[in-house]
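Here's the structure, in structure tokens; my notes come after.
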There are 2 protein chains.
Amino acid sequence: MSGPHWWRHRFRGCGYRLTFPRQAILELLSKTSKHLSAKEIYSAVHKIYPAIGLTTIYRTLDLLVQMGLLKKFDFGDGQSRYELASGIKKNHHHHLVCVKCGKIIDYDDFVKEEIELVKKVEEALSKKYNFEIKDHKIQFYGICSKCK
Amino acid sequence: MSGPHWWRHRFRGCGYRLTFPRQAILELLSKTSKHLSAKEIYSAVHKIYPAIGLTTIYRTLDLLVQMGLLKKFDFGDGQSRYELASGIKKNHHHHLVCVKCGKIIDYDDFVKEEIELVKKVEEALSKKYNFEIKDHKIQFYGICSKCK
DNA sequence: TCCTCAATTGAAAATGATTTTCATTACCAA
DNA sequence: TTGGTAATGAAAATCATTTTCAATTGAGGA
Ligand SMILES: [Mn+2]
Ligand SMILES: [Mn+2]
Ligand SMILES: [Zn+2]
Ligand SMILES: [Zn+2]
């Protein structure tokens, strides 16, 4: 469920083209476990494809989020950060954010319990508010070991 | 646990002054159940105190967050939104965000179950990563009844 | 009550992330 | 190979937030 072939198919299916910038961005995000910002992605892709513009980075990231291939996060440092959507490479997980240094830890313990709770909540909410839940985000804030 | 007296005391305790702008912002946020942006707060306070500047709004919001009186949220509409911290007026709760119209619903069902899970998670995380958790945020994204 | 002075404020300018515009380029179906 | 359209990049525009700095003000002590 990754690689140029699958991507091409996925793009075609939505009526989009698989271009070099798009491929390069997907490749980069497939290889890292970090939560990269647009500018960080720009710097990295620029090394292998110097013609790329920051505008294209932003546009591509929007597109990939809209296609469900990426997730967009705000960890409070003034810029959006992105990672491959769950199921594509990593499992569903949540984040610990160090409020001192900004370090982000992926965390996936208690996923079973969590999914159970989330299911309950979703059921109750759809009844109570007629609200159809598509996704959720859970973040913990605190102090990492280095910053203590 | 609110009103000018308590606020004054709280400010003095931190070595700050209780000024009119600060009081006006606190009063506004005490009266609303909405999640207001800096500009919305500015507009509202401006009506009763036209001399106020947007800069002061931002500075005051930062201060109040830092003092623990407010919580700051990012619901993905490009600006920060604020509400009184839990315990001051409302109970601990989380948010449903409509990804179509931006509507935000406060939700506090299953708080007991949730707190239990959070406690478990916090314990495990502090052991596993030596990470000291101070706070958490949970948000659900979906489609509200009107937007269906 | 009056003084003093650091804390606070507001206007204007600066910053920085993201978006828009528009002319050019490059996929890809035919 | 080619035509038409989607995609791109540079530059300018937007817009929330922050910084700068001179003027104002709250509150403890005289
Ligand atoms: Mn992650
Ligand atoms: Mn709320
Ligand atoms: Zn840290
Ligand atoms: Zn809606």
Give a yes or no on whether a donor-acceptor pair under 3.5 Å exists between the nucleobase atoms of dG10(C), that is its base, and the side chain of Arg59(B). yes
Thr56(A) side chain, from C-beta outward: closest of dG9(D), dT5(D), dA27(D): dG9(D)
Can you say whether the rings of Tyr107(A) and His94(A) are parallel (under 30°), tilted (30 to 60°) or perpendicular (over 60°)? tilted
Rounding to a whole Å, what distance do you find between Ile57(B):CD1 and dT8(C):P? 16 Å
Tyr58(A) side chain N/O closer than 4.0 Å to the phosphate oxygens (OP1, OP2) of dT19(C)? no
Roughly, in whole Å, what's the span from NZ in Lys39(A) to C1' in dT18(C)? 10 Å
Please report, rounded to the nearest Å, how far the P atom of dA11(C) is from the CD1 atom of Ile52(B). 10 Å
Whole-Å distance, Leu61(B) CG to dT8(C) C1', equals 15 Å
What is the distance from CD of Gln66(A) to C1' of dA6(D), rounded to the nearest Å? 14 Å
Touch class at under 4.0 angstrom, heavy-atom based, for Gly15(B) against every strand present: nothing
Please state whether the phosphate of dA7(C), meaning OP1 or OP2, lies under 4.0 angstrom from any side-chain nitrogen or oxygen of Thr19(B). no
CG of Leu63(A) versus P of dA6(D): gap in Å, rounded? 13 Å
Using OP1 and OP2 only, check whether a side-chain N or O of Ser37(A) sits under 4.0 Å from dA17(C). no
Between Phe75(A) and His35(A), ring centroids under 6.0 Å: yes
Between dA16(D) (P) and Gln79(A) (CD): distance, integer Å: 18 Å
With Tyr58(A) as reference, evaluate Thr56(A), Thr55(A), Asp62(A), Leu54(A) under the side chain to side chain contact (heavy atoms under 4.5 Å, CB included) test and give the passing residue. Leu54(A)
Between dA27(D) and Arg8(B), is there an OP1 or OP2 to side-chain N/O distance shorter than 4.0 Å? yes
Nearest of dA6(C), dT19(D), dT18(C) to any side-chain atom of Thr55(B)? dT19(D)
Starting at OH of Tyr42(B) and ending at C1' of dT9(C), how long is that distance when rounded to a whole Å? 13 Å
Look at the side chain of Arg12(B) against the base of dA27(D) and say whether a donor-acceptor pair falls under 3.5 Å; ignore hydrogens and angles. no
Relative to the ring of Tyr16(B), is the ring of Phe11(B) parallel (under 30°), tilted (30 to 60°) or perpendicular (over 60°)? perpendicular
Side-chain N or O of Ser80(A) closer than 4.0 Å to phosphate OP1/OP2 of dT18(C): yes
Under 4.0 angstrom, heavy atoms only, what part of the nucleic acid is Tyr16(B) near: base, sugar-phosphate, or nothing? sugar-phosphate
Are Phe73(B) and His95(B) close enough that their ring centres sit under 6.0 Å apart? yes
Does a side-chain heavy-atom distance below 4.5 Å link Leu84(B) with Leu69(B)? no
Between Arg22(A) and dT8(D), is there a side-chain N or O to OP1/OP2 distance below 4.0 Å? yes
Pro21(A) or Lys72(B), whichever maps to the more 5' nucleotide of DNA chain D: Pro21(A)
